[in-house]
Protein chains: 2
Amino acid sequence: MARKSGSDGKKTAQVLRAAATRLFAQYGYAAVSMRQIAAEVGVQAGALYLYTPDKQTLLFQIMDRHMDDLLTAWQGESADSPADPMARLEQFVRFHIRFHLQRVDGVFIAYMELRNLSKENFAVIEAKRRQYERLLEAILQDGSAAGRFELCDSKLSSYAIIAMLTGVTTWYRDDGRLSVEKIEEIYLCMVRGLVMQGSAKTGS
Amino acid sequence: MARKSGSDGKKTAQVLRAAATRLFAQYGYAAVSMRQIAAEVGVQAGALYLYTPDKQTLLFQIMDRHMDDLLTAWQGESADSPADPMARLEQFVRFHIRFHLQRVDGVFIAYMELRNLSKENFAVIEAKRRQYERLLEAILQDGSAAGRFELCDSKLSSYAIIAMLTGVTTWYRDDGRLSVEKIEEIYLCMVRGLVMQGSAKTGS
DNA sequence: GTCTATAGAAGGATAGAC
DNA sequence: GTCTATCCTTCTATAGAC
């Protein structure tokens, strides 16, 4: 039959994003075909074009929503932000780890598929990525100005922290020896060391 | 004419690896065609198969040589390794940053294209990656045992250090404000803080 | 050692039936 | 809302000429 019984456009659209997210994360955008995605969704390839004008837009929407979710989630989390810079830093570290472990596929795509975005789409995503980075930079600068942190370099410290925190997604396994809570504690410990190391300070 | 004047198989093979490395790093393995590589090399597509049995092997060889170069370079560098764990750690940090900044394309491929390797090829590369990780783990464990480091977690500390050091490749620019020497100093400063943070120690 | 030519498969995207 | 069928392009890899 032409229309499957119980089929639903809204739902298919969601299933499509979910399927594409999973496949892009696993095999990479360029390596995944529209036919593969269609098979995962349970429709024929042509039907996908009811929900996306093309493959590029599909990738962009996945990444764009991911970044929006990230920024929105942090806004919610930090609504009642503590005044103490160290407390805010700890809040950020915990948030970053938790969010990234919950959305491993999205994170993977957001970092690996940047080069497959068109120029215009890249600019949009890159701006949101910078926006997120600046959240941490602001915390570090505030803490530094208040004399609570001793940073080796204010910009590189934020790059280093984000890199080490995001790295968790590359080795974390649900059945590993460490709970998410425990992982947060360990990274908090390391980040504290990193922002309290003033002996070889190089200015910012 | 059939054979270009001055053409040279040995040289073409090298040019091929170089061209493929550049293109794979820029656009990704799956997005780059053999025709594109051939154009970069300056030959027709069919001629590439004199130097590689297929595209997959080309990717594998690039990654495999990269890992061999990395391990060999460290062997040379650490031939006269200092006894002091902190000195060895500093040697590793400087080496890692310097090597990775000199070989940005290779690093990019080695991290991003793992999923495009066949199962067998993946196993080979993954083993060498683990081998490299263990070099740092050994330094951290020795230093910890000698009471010179206070680690939050011995395994996660090594993951965190490698992640933050490798992250340098994502933002470094030749014409940026910081020299490689200066970058090494800053990361040394941060790594010191990371391995001397014992207050919230969680064991290993 | 490299070329041209091409086989054969797979890709993105569209048209029209139901 | 989805299917089938298909257009047209592009891909990897090979064959045979030079």
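We name chains A, B, ... by the order of the sequence lines, and we start the count at 1 in each one.
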Hey, is the side chain of [X] poking within less than 4.0 Å of OP1 or OP2 on [N], counting only N and O atoms?
X: B:T12; N: C:dG1; result: no
X: B:S33; N: D:dT10; result: no
X: B:Y51; N: C:dT2; result: yes

Item to complete: Grab the two heavy atoms, one from A:F108 and one from A:A25, that are nearest each other, plus how far apart they are.
Response: CD2-O, 3.5 Å
Worksheet item: Can you name the closest pair of heavy atoms from A:Q44 and A:A38 and give their distance?
Response: C-CB, 3.7 Å
Measure from [atom1] on [X] to [atom2] on [N] and round the result to the nearest Å.
X: B:L58; N: D:dC11; atom1: CG; atom2: P; value: 16 Å
X: B:M34; N: C:dA10; atom1: CE; atom2: C1'; value: 17 Å
X: B:K11; N: C:dT2; atom1: NZ; atom2: C1'; value: 16 Å
X: B:Y49; N: C:dG1; atom1: OH; atom2: P; value: 18 Å
X: A:I37; N: C:dG11; atom1: CD1; atom2: P; value: 11 Å
X: B:K55; N: C:dA10; atom1: NZ; atom2: C1'; value: 13 Å
X: A:L50; N: C:dA13; atom1: CG; atom2: P; value: 14 Å

Item to complete: Apply ring pair (Phe, Tyr, Trp, His ring centres under 6.0 Å) to the pair B:Y132 and B:W74, showing each step before the final yes or no.
Response: CA-CA 9 Å; B:Y132 182 70; B:W74 171 250; 7.5 Å; no
Discussion item. Within the supplied structure, the quantity of interest is the number of heavy atoms (other residues, nucleotides, ligands) at a distance under 6.0 Å from A:Y159 OH; does it exceed 12?
Written reply: yes
N/O-N/O pairs, protein side and nucleotides 4-7 of chain D side, under 3.5 Å:
none

Worksheet item: Less than 4.0 Å between a side-chain N and a carboxylate O, is that true for A:D142 and A:R88?
Response: yes
Worksheet item: Do the rings of A:H100 and A:H66 sit parallel, tilted or perpendicular, given the 30° and 60° boundaries?
Response: perpendicular
Response to the item:
In this structure, CD1 of A:I62 is separated from CZ of A:R17 (nearest 0.5 Å) by 7.0 Å
Worksheet item: If you look at every strand shown and take non-hydrogen atoms under 4.0 Å, does A:V32 touch a base, only sugar-phosphate, or nothing?
Response: sugar-phosphate
